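What you see is a predicted model, and the numbers here were worked out from it, not measured in a lab.
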Amino acid sequence: MRIHHRIIFLVLYFATFACLAQLPDARTINGIRFITGGIGSDVSKAMQAEAKQWPLLLEFSQADGQAKPAWVAGVKVVISDAKNAPLLETVCDGPLMLVKLPPGSYSIAASYNGMAQNRTLVIAKDMPQRIVITWKSPS
């Protein structure tokens, strides 16, 4: 009887965790699949765990110089190929963005509150990357 209760507890525990840790829906633009979100600790943890399966994880935050940077949403992201042709343009629903990009060279332009930052990167097969973009808080 005791083993039966433990089994039921474990099934309910993992079922509850699976429900809480659902990823936001994936979207596709120009053949590039991506997920934006990460609001709430369960969703952000699920997205960070899922990041191992995606070539690119972007994290967006804002720092005031005093405390740990705070994650931000509403970041406009444009990902372009090596020839600077835009492939993906979207606004992120949260501080995290997972992107399925094929191997190659890319540039990222990210804008938040009218302030832009740019990054370049090379995606290699089976080598997920994490790029953190942090803006300074307005004075």
Side-chain angles (χ1 to χ4, degrees):
M1 187 67 146
R2 227 175 159 167
I3 292 175
H4 180 67
H5 286 170
R6 286 184 185 170
I7 291 172
I8 290 172
F9 171 79
L10 289 174
V11 168
L12 291 173
Y13 174 80
F14 287 112
T16 301
F17 180 75
C19 290
L20 292 175
Q22 289 185 346
L23 292 171
D25 292 334
R27 295 180 279 171
T28 303
I29 295 177
N30 295 329
I32 298 175
R33 187 174 163 98
F34 65 97
I35 297 173
T36 68
I39 295 177
S41 64
D42 292 333
V43 176
S44 64
K45 286 177 187 174
M47 288 184 72
Q48 289 175 340
E50 180 70 12
K52 298 171 190 162
Q53 308 304 316
W54 291 70
L56 179 61
L57 166 64
L58 297 172
E59 292 183 18
F60 306 112
S61 60
Q62 186 174 41
D64 63 8
Q66 300 298 320
K68 179 180 174 185
W71 280 356
V72 295
V75 175
K76 180 181 177 186
V77 176
V78 179
I79 298 176
S80 302
D81 65 14
K83 296 178 183 177
N84 212 26
L87 301 173
L88 172 67
E89 186 171 338
T90 192
V91 175
C92 294
D93 298 332
L96 302 175
M97 181 174 184
L98 298 171
V99 188
K100 290 265 186 191
L101 291 170
S105 297
Y106 299 92
S107 62
I108 299 167
S111 300
Y112 179 70
N113 283 342
M115 297 180 289
Q117 291 199 37
N118 298 299
R119 301 286 191 279
T120 58
L121 70 144
V122 175
I123 298 291
K125 186 178 179 183
D126 299 325
M127 293 186 68
Q129 290 197 39
R130 175 180 171 243
I131 306 243
V132 177
I133 300 176
T134 303
W135 287 269
K136 290 182 182 178
S137 294
S139 300

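- Asn30 contributes no side-chain N or O that, together with a main-chain N or O of Ile32, makes up a donor-acceptor pair within less than 3.5 Å.
- Considering all non-hydrogen atoms of both residues, Ile39 and Ala73 come closest at CD1-CB, 4.5 Å.
- For Ser107 against Asn84, the heavy-atom pair with the smallest separation is OG-OD1, 3.8 Å.
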Handout entry: Ile35/Trp54 under side-chain contact (heavy atoms from CB on, under 4.5 Å): CA gap, chis, key distance, verdict
Key = CA-CA 10 Å; Ile35 297 173; Trp54 291 70; 3.5 Å; yes
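- In terms of heavy atoms, Ile133 sits closest to Ala110 at CD1-CB, 3.9 Å.
- Listed here is the closest heavy atom pair of Arg27 and Asp93: NH2-OD2, 3.5 Å.
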Handout entry: Full working for side-chain contact (heavy atoms from CB on, under 4.5 Å) between Trp135 and Val75
Key = CA-CA 11 Å; Trp135 287 269; Val75 175; 3.7 Å; yes
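- From Leu88, atom CG reaches atom CE of Met97 across 4.5 Å, with rounding to the nearest 0.5 Å.
- The hydrophobic clustering, which links ILVMFWY residues whose side-chain heavy atoms are closer than 4.5 Å, places Trp71 and Met115 apart.
- Considering Leu121, Val99, Leu57 in turn, Leu121 is the only one that fulfils the side chain to side chain contact (heavy atoms under 4.5 Å, CB included) rule with Ile131.
- For Pro24 against Gly37, the heavy-atom pair with the smallest separation is CG-CA, 4.3 Å.
- Follow the hydrophobic side-chain contacts under 4.5 Å out from Tyr106 and you never reach Val78; the two are in separate clusters.
- Val77 and Leu101 fall within the same hydrophobic cluster, where Ile, Leu, Val, Met, Phe, Trp and Tyr residues are linked whenever their side-chain heavy atoms come under 4.5 Å apart, directly or through other members.
- Checking side-chain atoms of Lys100 against main-chain N and O of Gln53 turns up a donor-acceptor pair under 3.5 Å.
- Here the CZ atom belonging to Arg130 is positioned 11.5 Å from the CG atom belonging to Leu56, to the nearest 0.5 angstrom.
- In this view, Val122 and Ser105 satisfy the side chain to side chain contact (heavy atoms under 4.5 Å, CB included) rule, not counting sequence neighbours.
- Considering CG of Asn113 and NZ of Lys136, their distance stands at 15.5 Å, rounded to 0.5 Å.
- Shown here are the side chain to side chain contact (heavy atoms under 4.5 Å, CB included) partners of Pro103, two or more places apart in sequence or in another chain: Lys125.
- Atom CG of Asp42 sits about 11.5 Å away from atom CG of Leu23, to the nearest 0.5 Å.
- Note on Ile108: it clusters hydrophobically with Tyr112, by side-chain heavy-atom contacts below 4.5 Å among ILVMFWY residues.
- Hydrophobic clustering (ILVMFWY, side-chain heavy atoms < 4.5 Å, transitive): Ile29 and Leu98 are in distinct clusters.
- Listed by chain and residue number, Pro69, Thr134 satisfy the side chain to side chain contact (heavy atoms under 4.5 Å, CB included) test with Ala63 (two or more places apart in sequence, or in another chain).
- The two atoms that bring Pro128 and Lys52 nearest to each other are CG-O, 3.5 Å, heavy atoms only.
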